[in-house]
There are 4 protein chains.
Amino acid sequence: MKVVSEKRERIIQAATIIFARQGFYNSTVADVAKEASVADGTIYLYFKNKDDLLISIFERSMDMFIQAAEEEINKEKSAENQLKRFIDLHLRLVHKHQELAQVIQIELRQSSKFIKEYANEKFFSYLNIVEKIIQRGKEQKIFNVDINAGILKRAIFGAIDEIALEWVLMKKKRYSIEEASYELCQMFVKGLK
Amino acid sequence: MKVVSEKRERIIQAATIIFARQGFYNSTVADVAKEASVADGTIYLYFKNKDDLLISIFERSMDMFIQAAEEEINKEKSAENQLKRFIDLHLRLVHKHQELAQVIQIELRQSSKFIKEYANEKFFSYLNIVEKIIQRGKEQKIFNVDINAGILKRAIFGAIDEIALEWVLMKKKRYSIEEASYELCQMFVKGLK
Amino acid sequence: MKVVSEKRERIIQAATIIFARQGFYNSTVADVAKEASVADGTIYLYFKNKDDLLISIFERSMDMFIQAAEEEINKEKSAENQLKRFIDLHLRLVHKHQELAQVIQIELRQSSKFIKEYANEKFFSYLNIVEKIIQRGKEQKIFNVDINAGILKRAIFGAIDEIALEWVLMKKKRYSIEEASYELCQMFVKGLK
Amino acid sequence: MKVVSEKRERIIQAATIIFARQGFYNSTVADVAKEASVADGTIYLYFKNKDDLLISIFERSMDMFIQAAEEEINKEKSAENQLKRFIDLHLRLVHKHQELAQVIQIELRQSSKFIKEYANEKFFSYLNIVEKIIQRGKEQKIFNVDINAGILKRAIFGAIDEIALEWVLMKKKRYSIEEASYELCQMFVKGLK
DNA sequence: TATGAATGAGTGTTCATTCAT
DNA sequence: AATGAATGAACACTCATTCAT
């Protein structure tokens with residue numbers, strides 16, 4: 001086994017570009033194959049079907065994000081700073097991988113398949129990171145012990161995600177990623193107290 | 001011809017149900033026609049094409065929501081209470097029209113057509129309501145004058161939207177809409193101070 | 001019964017215009033109805049179906065042409081002059097009713113229905129006029145008795161028809177109807193001797 | 001891949017048969033596919049769309065005809081004999097490829113697309129051959145120098161075309177192709193003098 | 001007579017997927 | 001492993017025709 005099949009990687013990159021540019025349902029497998037410079041059939045050697053391609057993009061990037069997030073968080077002790085690091089990382093990665101971000105935020109939501117039926121383990125891992133930060137904040141007496149982490153982890157994700165989406169789709173950027181990060185951090189740190 | 005075509009209304013209702021159940025791209029025009037008990041061709045008497053049907057669902061419900069929101073907000077003086085009313089209304093309406101909410105939140109995001117190209121007037125009206133509340137809060141010295149309403153209006157929307165989405169899709173409800181509303185209000189009111 | 005229903009006439013006129021402009025298969029019954037300022041359904045009060053509309057245009061105009069041709073021919077004694085009058089009339093009428101001519105020449109040929117299956121009485125009447133002129137010419141010793149009128153009547157029709165078609169479709173007219181008429185007459189009169 | 005795709009050829013053959021039998025507008029792509037023993041989609045690997053299929057039939061056969069006509073004409077010196085050869089060839093080919101002839105003569109005229117909009121290069125090449133023969137005849141003092149070749153080339157085509165059409169559609173042949181050829185030649189040779 | 005809303009069968013075209021090479 | 005020609009199911013949309021008013 002190669003470290004990770006180089007061709008599989010190329011296809012994922014190509015699919016990310018194509019799906020971001022045209023949308024999942026408006027992209028054909030042939031489009032992806034062409035972008036990846038492989039034959040149509042080759043895609044089916046590495047992915048079960050078109051849906052699997054989308055899911056694979058998601059899983060791979062979530063794995064990377066979750067790992068990066070955990071490393072980043074471990075650099076800090078206080079929940080407050082951890083939350084800041086987390087938000088900052090999320091927005092910086094979106095900034096760095098704008099096409100990938102678009103695919104995950106827009107295309108992945110499209111179909112019931114992904115949101116309703118597909119048991120979204122990776123997404124829960126993401127949310128767990130946020131929840132743990134909140135819990136730690138409560139233990140450290142930084143955050144209000146009465147707040148419901150189960151609900152708010154999702155609200156925090158929604159807010160970050162929406163800002164990221166807006167920023168990626170905005171043609172003429174009205175604010176920087178740093179500003180956005182600062183505003184969000186301020187609001188949540190105060191809001192959770 | 002009725003004042004507002006009864007058949008047009010029936011088709012919109014049917015489309016909402018079908019799109020929520022199967023997703024926009026996995027629904028056929030024939031599915032919608034069958035659910036509405038009209039012939040396939042009849043749909044094209046009232047809507048330009050399948051996309052137009054989706055957009056119409058969105059515009060009609062946004063109009064209703066915006067009107068309701070403005071009425072609700074006018075019942076209060078303080079920005080704090082206005083924000084509470086707003087969040088509460090949003091979540092209550094989602095609770096009441098779960099299928100509609102699903103369509104708007106999930107299906108409408110799916111295609112570049114809607115998010116990127118379609119000039120989303122109605123959505124900006126929604127965001128403007130939030131922005132005005134924040135501005136009023138600043139004037140009333142309730143909210144911190146330094147916060148960036150242009151960014152945070154979107155964050156607030158994202159948080160509410162995400163909670164609503166989770167709640168609608170959750171099979172076994174782990175929390176009530178009222179709890180969710182309370183938690184969100186608490187966090188934002190504190191967060192904006 | 002009105003002399004000839006005024007509405008029926010209006011519909012035929014409208015259909016002629018629409019079919020000439022867009023072609024029979026690219027015209028809808030609704031297009032014709034709109035041009036005639038009647039409701040779609042009204043057309044079915046006067047015509048059995050869309051095909052019947054086309055056939056009716058043809059029959060009505062052939063009747064008119066055949067009558068006019070017989071009158072015109074009776075003004076002359078010699079077959080040579082009769083042939084000249086005939087060709088001249090054909091081309092003058094095409095000149096006068098260009099849209100009608102287009103429909104008959106192009107659209108009517110489209111479908112097997114008209115050329116193969118539809119027993120084309122009127123068309124045979126047309127050809128018979130030509131045949132009779134040739135026969136008369138033979139009797140008058142003006143035309144060669146050996147020529148086969150059964151074949152050449154059709155050739156003469158084809159030549160006139162093609163010239164008429166070219167002339168109607170030509171945007172910038174490279175020759176006048178009178179020139180065309182003169183050239184054709186010269187050739188046939190000599191050719192039949 | 002064969003030198004000239006064998007499958008493309010098969011589809012053209014099948015389309016010729018189907019269009020001749022049912023007419024272009026009354027044939028479905030599925031009919032053609034079935035006759036060619038290929039899948040519906042395969043047709044779109046070789047042709048842009050249904051119209052393209054019809055145009056391709058026309059262009060291929062016109063190329064063949066024009067080449068054959070030029071070879072045939074070069075066998076003769078006198079314009080008179082060249083004209084005879086030309087008429088003879090046209091009618092013999094129609095005799096040999098009756099279905100093809102029907103498609104070209106009937107179906108191709110049907111739509112504005114072909115006659116009005118489609119710049120009909122090939123057809124002009126056909127007409128040019130006739131024109132050149134007439135010019136040569138004038139130079140050889142065989143034909144009358146006063147006749148208008150620009151007009152009469154089209155008349156000659158119309159006559160041949162119409163005779164060919166009649167002959168192909170005639171169920172019980174009332175005359176042979178050879179007779180038709182003889183009559184036409186006689187008439188035109190005399191008529192052009 | 002006249003209307004025009006409603007119908008629903010029909011079709012060109014697309015594209016995910018397969019499989020012989 | 002890789003190819004890409006071939007497949008054929010699927011679907012949005014059209015439009016001739018009907019019929020209740």
Side-chain angles (χ1 to χ4, degrees), chain A residues 2 5-8 11 24-34 36-53, chain B residues 1-2 5-8 11 25-34 36-53, chain C residues 2 5-8 11 24-34 36-53, chain D residues 1-2 5-8 11 25-34 36-53:
Chain A
K2 309 237 183 78
S5 164
E6 174 265 340
K7 200 155 279 188
R8 189 187 144 91
I11 293 168
F24 179 71
Y25 279 101
N26 292 314
S27 304
T28 66
V29 172
D31 290 338
V32 174
K34 200 174 173 192
S37 303
V38 297
D40 297 15
T42 304
I43 290 184
Y44 290 84
L45 297 175
Y46 296 95
F47 302 92
K48 218 167 72 226
N49 51 36
K50 196 185 166 194
D51 282 357
D52 186 34
L53 196 44
Chain B
M1 192 170 49
K2 309 268 173 59
S5 168
E6 174 263 340
K7 201 152 280 188
R8 188 187 146 92
I11 293 167
Y25 279 102
N26 292 313
S27 304
T28 67
V29 171
D31 291 338
V32 175
K34 201 173 171 190
S37 302
V38 298
D40 296 15
T42 304
I43 291 187
Y44 292 88
L45 296 177
Y46 296 95
F47 302 92
K48 224 170 62 227
N49 51 37
K50 199 186 164 193
D51 281 357
D52 186 34
L53 195 44
Chain C
K2 308 238 184 77
S5 163
E6 174 264 341
K7 201 156 278 188
R8 189 186 145 92
I11 293 167
F24 179 71
Y25 279 101
N26 292 315
S27 303
T28 66
V29 172
D31 290 339
V32 174
K34 200 176 173 191
S37 303
V38 298
D40 296 14
T42 304
I43 290 184
Y44 290 86
L45 297 175
Y46 296 96
F47 302 91
K48 220 170 68 225
N49 51 36
K50 196 185 166 194
D51 281 357
D52 186 34
L53 197 44
Chain D
M1 195 170 46
K2 309 269 172 59
S5 169
E6 174 262 339
K7 202 153 278 188
R8 188 188 146 93
I11 293 168
Y25 279 103
N26 292 312
S27 304
T28 65
V29 173
D31 290 338
V32 175
K34 201 174 172 189
S37 302
V38 299
D40 295 15
T42 304
I43 292 187
Y44 291 87
L45 295 177
Y46 296 96
F47 302 92
K48 223 169 64 227
N49 51 36
K50 198 186 164 193
D51 281 357
D52 185 35
L53 195 44

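Per chain, numbering begins at 1; letters A, B, ... match sequence-line order. Both backbone and side-chain heavy atoms feed into the values below; hydrogens, waters and symmetry mates do not.
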Distance under 4.0 Å to a non-hydrogen atom of chain C counts as contact; along DNA chain F, which nucleotides mark the start and end?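 Contact boundaries, 5' end first: F:dC15 to F:dT18.
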Could you state the interatomic distance from CD1 (B:Ile11) to CD (B:Glu6), rounded to the nearest 0.5 Å?
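So the CD1 of B:Ile11 and the CD of B:Glu6 are separated by 9.5 Å.
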Working to the nearest 0.5 Å, report the span between NZ of D:Lys7 and CG of D:Leu45.
->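 Result: 9.0 Å between the selected atoms.
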field: All side-chain hydrogen bond (donor to acceptor under 3.5 Å, both in side chains) counterparts of D:Asp31, not counting sequence neighbours
entry: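 In terms of side-chain hydrogen bond (donor to acceptor under 3.5 Å, both in side chains), with neighbours along the sequence ignored, D:Asp31 is linked to D:Thr28.
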Do A:Leu53 and A:Tyr46 come within less than 4.5 Å of each other through their side chains, counting heavy atoms only?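 Sidechains of A:Tyr46 and A:Leu53: no contact.
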Next item on the list: Taking the side chain as every heavy atom from C-beta outward, state whether A:Asn26 and B:Tyr25 have any atom pair closer than 4.5 Å.
Entry: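 Yes, their side chains come closer than 4.5 Å.
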* Asked: What closest approach, in Å, do C:Asn49 and C:Asp52 show between heavy atoms, and which atom pair accounts for it?
  ->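 Smallest interatomic distance, heavy atoms only, reads OD1-N, 2.9 Å.
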Per-nt protein contacts along nucleotides 8-15 of chain E (heavy atom under 4.0 Å; B base, S backbone sugar-phosphate only, - none) come out as B--SSBBS
Set of residues satisfying side chain to side chain contact (heavy atoms under 4.5 Å, CB included) with respect to D:Val29, sequence neighbours excluded: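 With neighbours one apart ignored, the set is D:Ile43, D:Tyr44, D:Lys50.
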(request) Measure from CG on C:Leu45 to P on E:dT3 and round the result to the nearest Å. (result)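 It works out to 9 Å between those atoms.
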Take the C1' atoms of the five end pairs on each side of the helix from E:dA2-F:dT21 to E:dT21-F:dA2, get both axes, and report the angle to 10 degrees.
->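 Computed angle between terminal axes is 10°.
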Classify the nucleic acid contact of C:Tyr46 as base, sugar-phosphate or nothing, counting any heavy atom under 4.0 Å across all strands shown.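 Counting heavy atoms under 4.0 Å across all strands, the contact made by C:Tyr46 is with sugar-phosphate only.
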